[in-house]
Amino acid sequence: MNIRYFAWLREHIGASSEDITYDQTVKTVSDLVDILRQQSTGHQKALADMTLVRVAVNQVYVDIDHPVTAHDEVAFFPPVTGG
Amino acid sequence: MNIRYFAWLREHIGASSEDITYDQTVKTVSDLVDILRQQSTGHQKALADMTLVRVAVNQVYVDIDHPVTAHDEVAFFPPVTGG
Amino acid sequence: MTIRVQEDDFDLTRIYSELREAPTGQHTPGAISLFVGLVRDMNNNHTVAAMTLEHYPGMTETRLTAIRDAAMTRWPLGKAIIIHRVGKLYPNDQIVLVGATSSHRQAATEATAFMMDYLKTEAPFWKSEQTADGVTEWVSTRESDMTARTRWQETK
Amino acid sequence: MTIRVQEDDFDLTRIYSELREAPTGQHTPGAISLFVGLVRDMNNNHTVAAMTLEHYPGMTETRLTAIRDAAMTRWPLGKAIIIHRVGKLYPNDQIVLVGATSSHRQAATEATAFMMDYLKTEAPFWKSEQTADGVTEWVSTRESDMTARTRWQETK
């Protein structure tokens, strides 16, 4: 599973992308977040408050209870501020 | 009193401007219209239906019962269509 | 020059450059909104070969200035400009340009729409259209233009 | 090219010329609406020395295309364009351009506002601002941007 981070989440985690081994117990984005938080204090900080984080699975906005599978690209980022 | 006509009112009347001698009985735009209608069939046609005509006195939009005096510039024209 | 009524064409590039520069003593605008009206080659299902714009010199400039001032009062604008051409024009020619700058996106876009809606209903311009077979007709007003203006009287 | 995400600056003059030409087989537009966003030199009472725009390549283009398509469906537009820059920018630099053409004035102006409001809330771009003393901070979202977007869901 390919995980991507942008803006201050990327800075906290110290990487813009990482591949993680698919864990059969991970059914939803929420399950994935629980696992990612255990990776480092940076991950923990970035994903501490999910109300501040937007999630996209395969580049489509999804809610935290959206299913994820082995070949998905899952991105975490703050609310957008372009324009 | 200087009277000005624009667009199809100017075409009906055959003049863009005319000076008329101030008549003491003319108190309002409405009185003026009554007098102008008697000038020619063109005037009559142009000013036949005042719901199709806008009036400005000294270049300010006014209603038909607005007062007029000797030195006023009174303009008659159709609803505007610029832009 | 914030209000211009002219026979000559205008140059959007130059106007944009002027708008992009902050007014003296103010900050850079952040948002620039522009609207340009062009002569259509078709109107009410007939081909338009040419158009003539008549206006009321003096009153035109007064009304346009009042419209611009009303926009400047209602929204926090840096600059606002209205340019309108008169005389004979052909399809695809530029007729009118309205532009506004602000540090707020919605102020710039709303002010631009506001100025166009008032210009359409209050500025003394009259269009006559010439069809391909040489017939000239005065353009009628559209109900929708009055509706567009009225909305600004109801809400901000 | 109706959607562009690029580091390079863009040329308003060239884009305007493209918009002014009728789409193949269609009539001349009549109305052109343009919005340009520029880097402000001041934000939330601090001086901005530079700005960096990060984005999500791939998803950005997909979202912008969806926003443009939604506008094309909702209003009778001739053309619609969205250009957004990424990378390091400085005060008064152009960030974003949104433009639409139509034979109806309100269609062009509303579609432009619509595309900006959706871009502001859905397109994956993130701004960080660098102050004069070298501090870099991520720009926060504004409540007003979400309010601006929500209005399109309520009424046409």
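Convention: sequence-line order gives letters A, B, ...; per-chain numbering from 1. The basis for the numbers below is simple: all heavy atoms, side chains too, and nothing from hydrogens, waters or symmetry mates.
Among the residues in residues 86-105 of chain D, those with a non-hydrogen atom closer than 4.5 angstrom to a non-hydrogen atom of chain A are D/I95, D/V96. For residues 71-83 of chain A, heavy-atom neighbours of chain D at less than 4.5 Å comprise A/E73, A/A75, A/F77, A/P78, A/P79, A/V80, A/T81, A/G82, A/G83, sorted by residue number. Listed in order of number, the residues of residues 26-52 of chain A that approach chain D to under 4.5 Å between heavy atoms amount to none.
Tested against D/I3 for a side chain to side chain contact (heavy atoms under 4.5 Å, CB included), the candidates D/H84, D/R63, D/R68 yield a single pass: D/R68.
Proximity to chain A (any heavy atom under 4.5 Å) is shown, for D/T60, by neither the backbone nor the side chain. When heavy atoms are compared at a cutoff of 4.5 Å, D/R85 does not approach chain A at all. Contact annotation for D/T121: only backbone heavy atoms (N, CA, C, O) come within less than 4.5 Å of a heavy atom of chain A.
Minimum interatomic distance between D/R151 and D/A113 (heavy atoms only, all atoms of both residues): NH2-CB, 4.1 Å.
Counting only N and O atoms by type, the side chains of D/E137 and D/H46 include no donor and acceptor under 3.5 Å apart.
Between D/K127 and D/E54, none of the side-chain N atoms (NZ, or NE/NH1/NH2) sits under 4.0 Å from a carboxylate O, so this pair counts as no salt bridge. Of the charged side-chain nitrogens involved, none lies within less than 4.0 Å of a carboxylate oxygen, so that A/E18 and A/R4 do not count as a salt-bridged pair.
Between chain A and the residues D/T52, D/V139, D/D145, the largest count of heavy-atom pairs under 4.5 Å involves D/V139.
Side-chain contact check for D/F125 versus D/L64: some heavy-atom pair is nearer than 4.5 Å.
Applying the ring pair (Phe, Tyr, Trp, His ring centres under 6.0 Å) criterion to D/F114, with sequence neighbours excluded, gives D/W75, D/Y118, D/W152.
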